[in-house]
Each structure stands twice: as C-alpha cells, then as structure tokens.
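First comes the structure, then the notes that go with it.
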Amino acid sequence: MPSQGLLHGKTVLITGASSGIGAAAAELFAQEGARVVLAARRADRLRELVAAIGAAGGQATAVVADVTRAGDMRAAVETALRTYGRLDAAFNNAGWTSTGTPMHLMDDAEYDRIMDVNARGVWNAMRAQIAVMLEHGGGSIVNTSSVAGIRATGASAPYIAAKHAVIGLSRAAADEYAEQRIRVNALAVGSTRSELMDQVLSDTPALFKPFTERAMQHRLAEPVEIAQTAAWLCSDRSSFITGAVIAADGGWTAR
C-alpha cells in the first residue's frame with residue numbers, strides 16, 4: 001500500500017462491507033491510506049477481506065454487526081475508537097431489496113425488512129457515528145441511496161420509499177450538523193454488478209434491459225466505480241460538498 005493517498009491517516013467505517021460495493025470500498029479505501037473498520041453480518045467474508053487487505057499492506061479490522069440493530073452500530077463505532085482512536089468518515093452502504101411482488105400482494109414482513117435495512121440502518125449508523133464525530137471535530141458521512149431514491153425504477157415500492165428516505169436523512173443531518181464540521185452526502189447509485197443485483201436480476205430477469213438501457217453508458221457499473229466516488233466524498237478534497245446527492249449512475253438520472 002502507498003504511504004500517501006486520498007484517505008491517508010483517516011479511520012473509515014464501512015457498513016455492508018462483506019460483498020459488492022462495500023467490499024470494493026474496503027479494499028480501495030485501504031489502498032488510499034485509510035484504516036478501515038468493516039461491518040457486516042457474515043463473519044467469514046469479513047475475515048477473508050481483512051486478511052486480504054492486511055496481506056496487501058493495509059490496515060483493517062472487522063466487527064460482525066447488523067445495521068438494523070442500534071446497539072450493533074454503536075459497537076462498530078466503539079471498535080473504531082478502540083482500535084484506531086478515532087472515526088473520521090463513514091460509508092453507510094448496507095442495503096437489501098426484493099423484486100417481483102406487486103405492492104398490494106407484499107406482506108408486512110417483507111416491507112419491514114426492506115425499510116429496516118435501508119432506512120433504519122442508515123438512521124442507526126449515523127446516530128452512532130455523529131455522536132463520536134462531534135467529540136473529535138467533525139467528519140464525513142456518505143450514505144448509499146439509489147436512482148430509486150429519485151424516481152421509480154421498477155424496484156419494489158418499499159425499496160424506492162426507503163432510498164428516498166436515505167436522501168432525506170442525509171440532507172437533514174447535513175443541515176443539522178454543518179456548523180459542527182460534519183458533512184453528510186448521499187450517492188444515487190445506478191445499476192451495479194453486485195451480489196444484491198445478481199439476486200434482483202435472477203428474481204426478475206426482465207429488469208436487465210431497462211437497468212442497462214436507461215443509463216447513457218448502457219452498462220452496469222463495477223462496484224469499484226461506486227467506491228471511488230464514495231472515497232472522494234469521504235476525503236478532504238470534497239470539503240465544500242454537503243447535503244448533496246451525487247449521481248453515480250452512468251447518466252441514468254440526467255435524462
């Protein structure tokens with residue numbers, strides 16, 4: 001790993017770190033000089049990722065955590081403090097969805113899970129992160145929303161609602177904590193190759209064509225492309241950006 005980088009010397013917490021965008025962010029952030037704290041539910045995946053980052057010369061630690069549990073998010077932040085002494089930035093990336101079930105047929109359990117992971121998960125994570133950042137002079141938080149946070153995409157109704165909520169939470173927190181030097185931004189992520197996307201397209205193959213054709217670039221993003229945008233927002237090079245919704249969508253929402 002290089003001694004200097006975009007995130008040199010920063011401690012960054014990443015949720016949903018065991019696969020897809022989160023795993024790509026873990027490796028990229030470490031390459032850019034960050035000490036990364038990886039939070040996800042799957043311990044085996046986290047161990048493999050920490051080992052890979054360490055073998056490449058980076059610094060990483062992991063905590064098994066579920067974003068739907070406020071106590072788990074506090075524990076993840078405490079792990080960052082205990083291991084590295086501070087928390088400078090966070091990438092709240094954990095998400096989950098389902099497709100193919102019309103709204104009037106969807107049961108309450110499915111609605112609850114989608115809303116809990118995507119909206120409550122960001123709520124739980126930000127509260128824990130902000131509390132610590134207030135004590136250490138500020139920080140940067142990046143929340144993964146989606147093009148579904150801006151418009152109807154064909155994804156499930158609760159997912160669209162939850163991703164709209166992520167943008168609302170991000171803007172509200174940006175406004176509330178700007179004077180305390182905490183920046184909060186959201187990513188409007190387009191269709192990206194990931195474990196979650198594979199499941200969505202397996203459940204509803206008809207979505208592949210609109211998911212690729214709506215983007216100007218006519219393709220799915222690679223996870224690292226989203227991670228690169230998140231890294232910049234976590235860094236000091238985006239110091240005058242807060243309350244923003246940054247589109248990483250291949251031009252989908254520009255049309």
Under 3.5 Å, is there a donor-acceptor pair between the Arg120 and Thr68 side chains? no
State whether the side chain of Ser238 and the backbone N or O of Asp236 hold a donor-acceptor pair below 3.5 Å, judged by distance alone. no
Is it the case that atom CZ in Arg151 sees more than 12 heavy atoms from other parts of the structure closer than 6.0 Å? yes
Heavy-atom pair of closest approach, residues Ala39 and Ala65: CB-CB, 4.3 Å
For the CZ atom on Arg86, are there more than 12 heavy atoms of other groups (residues, nucleotides or ligands in this structure) within a distance under 6.0 Å? yes
Smallest heavy-atom separation, Gly22 atom then Asn93 atom, equals N-ND2, 3.2 Å
Shortest non-hydrogen pair, Ala227 vs Phe29, comes out as O-CE1, 3.6 Å
Check for me, please, whether Met126 and Leu81 land in the same ILVMFWY cluster - side-chain distances under 4.5 Å, paths through other members count. yes
Do you reckon Trp232 sits in the same ILVMFWY cluster as Val189, going by side-chain contacts under 4.5 Å, direct or chained? yes
Distance, nearest 0.5 Å, that separates CG of Asp112 from CE of Met115: 9.0 Å
Out of Val63, Ile53, Thr61, which residue meets the side-chain contact (heavy atoms from CB on, under 4.5 Å) rule with Leu38? Ile53
Thr83 side-chain N/O to Ala80 backbone N/O, donor-acceptor pair under 3.5 Å: no
Give, for atom CD of Glu48 and atom CZ of Arg45, the distance between the pair rounded to the nearest 0.5 Å. 7.5 Å
Any donor and acceptor pair, going by atom type alone, linking the side chain of Thr212 with main-chain N or O of Leu220 inside 3.5 Å? no
Looking only at heavy atoms, what is the nearest atom pair of Ala231 and Leu7, with distance? O-CD2, 3.7 Å
Hey, is the main chain of Glu222 close enough, under 3.5 Å, to the side chain of Thr192 for a donor-acceptor pair? no
Distance (rounded to the nearest 0.5 Å) between Met106 CE and Asp108 CG: 10.5 Å
Heavy atoms of Gly138 and Ile182 approach each other most closely as CA-CG1, 3.8 Å
Determine yes or no for a side-chain-to-main-chain donor-acceptor pair under 3.5 angstrom, with Asn185 supplying the side chain and Val142 the backbone. no
Can you sort out the partners of Ala125 under side chain to side chain contact (heavy atoms under 4.5 Å, CB included), two or more places apart, ordered by chain and number? Met73, Asn92, Gln129
Please determine whether the number of non-hydrogen atoms from other residues, nucleotides or ligands lying under 6.0 Å from atom OH of Tyr111 exceeds 12. no
Check: Asn124 and Arg69 side chains under 4.5 Å, non-hydrogen atoms: no
Nearest 0.5 Å, please: how far is CD in Glu32 from CD in Gln228? 8.5 Å
Identify the two heavy atoms, one from Val184 and one from Ala174, that lie closest to each other, and give their separation to 0.1 Å. O-CB, 3.5 Å
Which value, rounded to the nearest 0.5 Å, describes the distance between Ile14 atom CD1 and Leu28 atom CG? 8.5 Å
Would you mind checking if Arg214 and Asp249 are paired as a salt bridge, meaning a charged N to carboxylate O distance below 4.0 Å? no
Going hydrophobic residue to hydrophobic residue with side-chain gaps under 4.5 angstrom, can you get from Val36 over to Val132? no
Side chain proximity check, Ser145 to Val245, heavy atoms < 4.5 angstrom: no
Test side chain to side chain contact (heavy atoms under 4.5 Å, CB included) on Arg237 and Leu6 and set out the steps. CA-CA 8 Å; Arg237 295 186 193 178; Leu6 189 66; 3.3 Å; yes
Counting only N and O atoms by type, is there a donor-acceptor contact under 3.5 Å from the side chain of His164 to the main-chain atoms of Ala148? yes
Report yes or no: do Val37 and Ile130 belong to one cluster of Ile/Leu/Val/Met/Phe/Trp/Tyr joined by side chain heavy-atom distances under 4.5 Å? yes
Got a second to check how far Tyr177's OH is from Met133's CE, nearest 0.5 Å? 12.0 Å
Phe91 side chain reached by Ile21 side chain, heavy atoms, under 4.5 Å: yes
Within-4.5 Å side-chain heavy-atom neighbours: Glu110 and Asp107: yes
Any heavy-atom pair between the side chains of Leu233 and Leu187 that's under 4.5 Å? yes
Is it true that Leu13 and Leu46 fall in one hydrophobic cluster, defined by side-chain heavy atoms closer than 4.5 Å? no
Does the Arg171 side chain pair with the main chain of Ala244, one donor and one acceptor, at a distance under 3.5 Å? no
Evaluate Glu27 against Val224 for side chain to side chain contact (heavy atoms under 4.5 Å, CB included), listing each step before the verdict. CA-CA 9 Å; Glu27 294 184 315; Val224 71; over 6 Å; no
Among Asn143, Thr144, Asp175, find the residue that satisfies the side chain to side chain donor-acceptor pair (under 3.5 Å) test when tested with Ser170. Asn143
